[in-house]
Every structure is written in C-alpha cells, then in structure tokens.
Amino acid sequence: MDEIRVRIAPSPSGNLHVGTARTALFNYLFAKKNNGKFVLRIEDTDLDRSSQAYIDNIYDSLKALGLNWDEGPDVGGPYGPYQQSERFDIYPKYAQKLIDAGYAYECFCTQEELEAEKEDSIKNHRAHKYSGKCRNLSEEEKAKLRAEGRKPSIRFHVPEDGETKFNDLVKGELKFDNKLIGDFVIMKSNGTPTYNFAVVVDDMEMKISHIIRGEDHISNTAKQIMIYEALGAEVPKFGHLGMILAPDRSKLSKRHGATAVSEFVEKGYLTEALINFVALLGWSPSDGQEIKSLDEIAADFRIGEVSSSNSIFEYDKLNWMNGQYIKKMDIKKLCELARPFLSKYDLSEMSEENFEKMILATREPITVLSDLENDCSYFFGQDVEIEPDVREKIVDTEQGQNILKYVDENEIAKWDFDNDEKLHEQLADFRAYFKEKGIKPKETMWALRAAVTGRTHGADMVVILEILGKERVARRIKAAIK
RNA sequence: GCUCCCAUCGUCUAGAGGCCUAGGACACAUCCCUUUCACGGAUGCGACAGGGGUUCAAAUCCCCUUGGGAGUACCA
C-alpha cells in the first residue's frame, strides 16, 4: 500500500480557528496512528484576504498544540512549494490539459449574464446551475469575444447524467446526482485557480492519500472527484467530520467568545487541555479515560470511530479539563505561563521561591490562568483592601476584633514565619485556644484571613503568612483593628 | 426552493439486534473530608425526537414525519 499522507490546508484569512485545529488534530492523529505524513499547506490564493501575520499565527498555534507537520512551507518537503501563492504557474497547465482532453472549456459569460441566469432559475423555482451556453463556442465566436476584450474563465464540463459516489471514511456511502451539478469554474478570468481546482491539483501533486476535513466540504467532493478522474489521477479517500457548533447551534463565532486558538491561550487556557478537549468532540477513548496526551490519543485513534454528527462547544467541560491540567502541570512550567497573567503586579518584589509557592497554593481552584490575577492580588502590596461585606460580617464584629487583637498581642510575635511546619502547628494551637472559648476553628481562621487578605477564601493560610512575612501581616492586622 | 449530512441525559459521548430496568464524563443537587475556596470521595437528578414497519427480540435495520446543520459563488 502507498504511503499514507494527509494534510491540513488553512487559508490565512484569520487566526487559526479551533474548528481548523480540530480538523488538523484528526489528520495528525490519523497520520500518527498509520505511520503516515502530516503536511501543512497554506491556501493563500485569495491574496487580498491573506496576510503574513495570519500565516505566523497558524504556525504558532499548530506548534503550541503539538501538531507538528512533516512537510510545509517553512520546513519544505519533496512536493513543494507548500504555499499556493507560489504555485500559481502550475494550475494553468492542468487547466489546459483538461481543455485539450475535452473536460473543460472557456466561458465568456459576464458577471451580469450569470446573475441574470441565476435569478431566472430562482424565479422558476429551479435549482440554479450554469446553463452551459459557452460549451460549444466555435473558434470564430471565441475570437470575436476575445476581441471585445472579454477574458474567459475556464469551466469544468460536468457529465449530464450518472452519479458521483464515494465511500466516506466517517459517513459511509455518499452519492451525488451529476445533473444537479452545474459546470463550475476552475480558473477565474484573472488567471487564478478556484478553490476546488487548486485543492485537487495540490493534493494530487502532493500525493495526499486521505482527505479528512469538515463536512462543509461534502458537496465539493463530487466536483473534486470529477477533476481527479478527468486528470487521470488516483482519487484519494475522503472523510468528513461533523462541525463544531456554538451552544445556540449556530456556527461558532466571535460573539460566542474565543474562536482562535491564540485567543484561548490569551484567556489562560493551556494548549494541552484545549487539544484534549477538542479531541473529545467526535471521538471517545476506548478505555473511558478522557484525560489523555496527544500520543495516547494517537495510539487509540481510529477514524472510522469518529462520530458523524455535529457537536457543541461547551465551556463547562473545557474549563474543568483546563483546571485538571493546571493542577497536574509541572510547577516550573506553570510559573512561566502564569507570569504574563500577573503583569499588573510588581513581581520584582517577590522572590522566585515565593512566586512558586504562591502559584502552588493558588493553582487548585482555578480553571483558567487569568483567574490568577484576582486570586493572587493579596500577595502584593503592603496593604489590602478589605471587601465591604467581609469587613461588616467578620472583621468589624466583636468576635472578629477580639480574635485580631489577640493575634496582634499574643500570637504574631511567637509565630515562626520561616518554618512552615512550625507555623502550621502554631496556627493549630491558635485555633484550639478559641475553640475552647466556643469559637469554631473555621471562624477563627476567617478573622485572620479576612484581615490579612481582605477575603473569606483563598490560598492556604500558612503559605500566605510565609510569603507576606511577619511585618506585612502585623501591619495588615493592626490596620484591621479599630 | 433544491441537494446533501445528522439525530442517545442540558452538553460531550458508550452502545455496531438479545449483555440496556441504556454505561461514563462535564454541569447541577446533597453528603463526607477540611483552617476558607477548591481538590478528592459518595450518592442523586437526568436521554434512546415522533410514527410506522422488519424480527421471537430494535437505541441498534428500513421508511415517513419533525428538528438541527451544511452546500447551492469567477470565497476558501
């Protein structure tokens, strides 16, 4: 059997979309599982909408997700170039080949004529397709039209009857009635190829064996198969994935939140979690273990088991999963990723060691890295602002004041801020003292916490005390005493 | 309009005729653990869209209806 070769072919008219990332993922998994090659091709034939910034974003996002390609514009490969704008000269040759073989013809219709045809069809409740009126133009007629200054497009001559069918890797047997497909343009009048033509030529030249893509391409498939056959090329296998939808079942777009991989990263999602989550949209692990690395998923992956229905992108599970990854992540790496999210604080005032301690103590409840900004606020600055509600219900109560005064006068001096084991015990003693007076341990700690952090919940008190140090803690407690 | 795809808990899904009084995960609720929030553990809530067939037997196969999605460009 020939080598398995798959590709992802994004067009750089925007940042890498999660939907594209999922398609890339399934291609990558299929390649990995089958010892094949994963190639990246940039489809930038629409020069107006394409930009280098987007190309860079695609590279960065794919790499960040761990979806490394074997061949592509930047790394090269045996079937390059891998960027369509550098391949413009090869499409006309194939188009000419099709004309010569009678599979395609020049069409001189103007935009207006085409519009009129379409409107006519709609008026008569017919499925509109190109009439084919330029199909049999004589050389004289063509010359005349050319003399008028009309630049022809090239259309593929679709067979009048029969059907085009293929066995979809995920959907099974699919077929299309040829007479419903109009002669479609393969080369625009400006000399550039249309999408349907460019993909086929590129996939053929790049020896792509399996095309795994979104089901929005299903109806293109018939046209593409016709081109392959007309060109005498081997038709690859196709597999169409269901789409990712927003919770309201519409296309996932900006108004639903982030859509680009890079936006998710900026919001504090880990790429490991994102890719894991997206893999679960349409695929499920055979052992029920949902949290899996890319390699583990690849080992377990089978394209035929992928769900053929659409799936909805819900943040709940992504958030949970991201939290799981945050909890398990190597602490050094997490610290690095966390830094940008704490840029509003003066990080220079905190030692590397304390920074790590802080992250270790605050990573537990968070779901996205951006939660850190709020959750770490009390670790910075000399003073804290006590939330009004907390002040009223805890700090300013008689019990609260008593506890704080007691801490100020009898406890703080003896607390060992540099020894967490001792500090831990000392706090236990402190709780025990008030417990004898009938105050719950929880409430005792609340008073301390409220005065020191301004809140009722947060990281472990021992860690907070250690990082803040005796002076700052004393200062904040005094400030809370009326 | 026409063509195509899809249809199991709110969501992601397991299920490929009997193992299903339909399993798991997220979310939600309650409880336990606990110096807070969380984590973790336990329990609970919760679905085969509807209707016809086929069969001894259907979530699983077929048909229709309904619902959702996609395509219908000299965009990709």
Side-chain angles (χ1 to χ4, degrees), chain A residues 9-13 43-46 48-50 84 107 109-111 114-115 118 121-130 151-155 168 170-172 174-177 180-182 184-196 198-199 214-222 240 242-243 245 247 249-251 277 280-286 288-291 305 307-321 323-324 327 362-367 375 424 427-428 430-431 440-446 448-450 453 455-462:
Chain A
S11 85
S13 54
E43 305 211 329
D44 58 345
T45 43
D46 189 342
D48 295 336
R49 293 200 296 152
S50 302
Q84 280 184 334
C107 170
C109 293
T110 60
Q111 212 67 265
L114 263 15
E115 279 300 315
K118 187 171 165 183
S121 299
I122 294 172
K123 225 175 1 195
N124 294 307
H125 301 289
R126 279 195 319 254
H128 45 271
K129 63 172 210 177
Y130 177 63
K151 293 243 185 307
S153 62
I154 299 174
R155 282 183 188 272
D168 194 275
V170 346
K171 305 226 183 238
L174 256 31
K175 58 185 174 194
F176 293 87
D177 196 344
L180 261 16
I181 303 172
F184 55 94
V185 173
I186 56 174
M187 290 294 287
K188 304 177 204 171
S189 52
N190 68 5
T192 62
T194 59
Y195 164 76
N196 275 126
V199 247
E215 70 175 28
D216 47 337
H217 285 290
I218 284 188
S219 54
N220 283 327
T221 309
H240 290 93
M243 318 245 67
L245 268 26
R249 291 179 190 281
S250 67
K251 204 157 84 182
F277 170 72
L280 259 21
L281 261 28
W283 173 83
S284 64
S286 57
Q289 178 57 48
E290 295 190 321
I291 294 193
E305 288 172 350
S307 158
S308 56
S309 50
N310 295 341
S311 42
I312 292 173
F313 191 102
E314 283 276 8
Y315 274 83
D316 280 341
K317 192 156 185 174
L318 205 215
N319 287 340
W320 166 77
M321 186 163 277
Q324 293 295 313
K327 280 182 253 304
T362 46
R363 91 210 287 205
E364 285 295 321
I366 69 170
T367 230
D375 289 4
H424 195 268
L427 283 179
F430 162 60
R431 285 194 293 276
K440 289 185 196 149
K442 186 193 270 193
E443 292 178 19
T444 307
M445 294 302 277
W446 261 335
L448 211 213
R449 180 180 293 280
T453 72
R455 310 182 185 185
T456 51
H457 55 255
D460 177 59
M461 273 317 290
V462 174

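Just so we're on the same page: letters track the sequence lines, and every chain starts at 1.
If you check B:G40 for Watson-Crick or wobble pairing at under 3.5 angstrom, you find it paired to B:C32. Using the Watson-Crick or G-U wobble rule with both distances under 3.5 Å, B:C26 pairs with B:G10. Base pairing annotation: B:G46 forms no Watson-Crick or G-U wobble pair, as no partner gives both donor-acceptor distances under 3.5 Å. Nucleotide B:A70: paired with B:U3 (Watson-Crick or G-U wobble, both distances less than 3.5 Å). Applying the Watson-Crick and G-U wobble criteria (two distances, each under 3.5 Å), B:U21 pairs with nothing in any strand.
Counting only N and O atoms by type, the side chains of A:Thr194 and A:Asn196 include no donor and acceptor under 3.5 Å apart.
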| field | Full working for side-chain contact (heavy atoms from CB on, under 4.5 Å) between A:Tyr195 and A:Ser11 | value | CA-CA 10 Å; A:Tyr195 164 76; A:Ser11 85; over 6 Å; no
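The C1' atoms of B:C56 and B:C48 are separated by 22 Å, rounded to the nearest whole Å. For the C1' atoms, the distance linking B:C9 with B:G23 amounts to 12 Å, nearest Å.
Residue-level contact check: A:Ser189 touches the bases, meaning some heavy atom is under 4.0 Å from a base atom. Backbone-only engagement by A:Arg155 is indicated by non-hydrogen atom pairs under 4.0 Å involving sugar-phosphate atoms exclusively. Across all strands shown, A:Arg249 has heavy atoms under 4.0 Å from sugar-phosphate atoms exclusively, and none from any base. Residue contacts for A:Glu290: at a heavy-atom cut-off of 4.0 Å it reaches a base atom on one of the strands shown. Among the protein residues, A:Ser153 comes within range of the nucleic acid bases, having at least one heavy atom under 4.0 Å from a base atom. Within 4.0 Å of A:Gln324, counting heavy atoms only, lie sugar-phosphate atoms of the nucleic acid but no base atom. Counting non-hydrogen atoms under 4.0 angstrom, A:Cys107 reaches nothing in the nucleic acid.
No side-chain heavy atom of A:Arg249 sits less than 4.5 Å from a side-chain heavy atom of A:Asn310.
When each of A:Trp320 and A:Met461 is assigned the nucleotide of RNA chain B bearing its nearest heavy atom, the one mapping closer to the 5' terminus is A:Trp320. Along RNA chain B, the nucleotide closest to A:Ser284 and the one closest to A:Lys327 are compared, and the more 5′ of them pairs with A:Ser284.
Not a single donor-acceptor contact under 3.5 angstrom links the side-chain atoms of A:Asp177 to the base of B:U3. Contact of A:Ser219 with B:C4 (side chain to base): no donor-acceptor pair of N or O atoms is detected under 3.5 Å.
A donor-acceptor contact shorter than 3.5 Å is absent between the side chain of A:Ser13 and the backbone of A:Arg49. A:Thr367 places a side-chain N or O within donor-acceptor distance of the main-chain N or O of A:Asn319, the cut-off being under 3.5 Å.
The distance between atom NE2 of A:His240 and atom P of B:G71, rounded to the nearest whole Å, is 12 Å.
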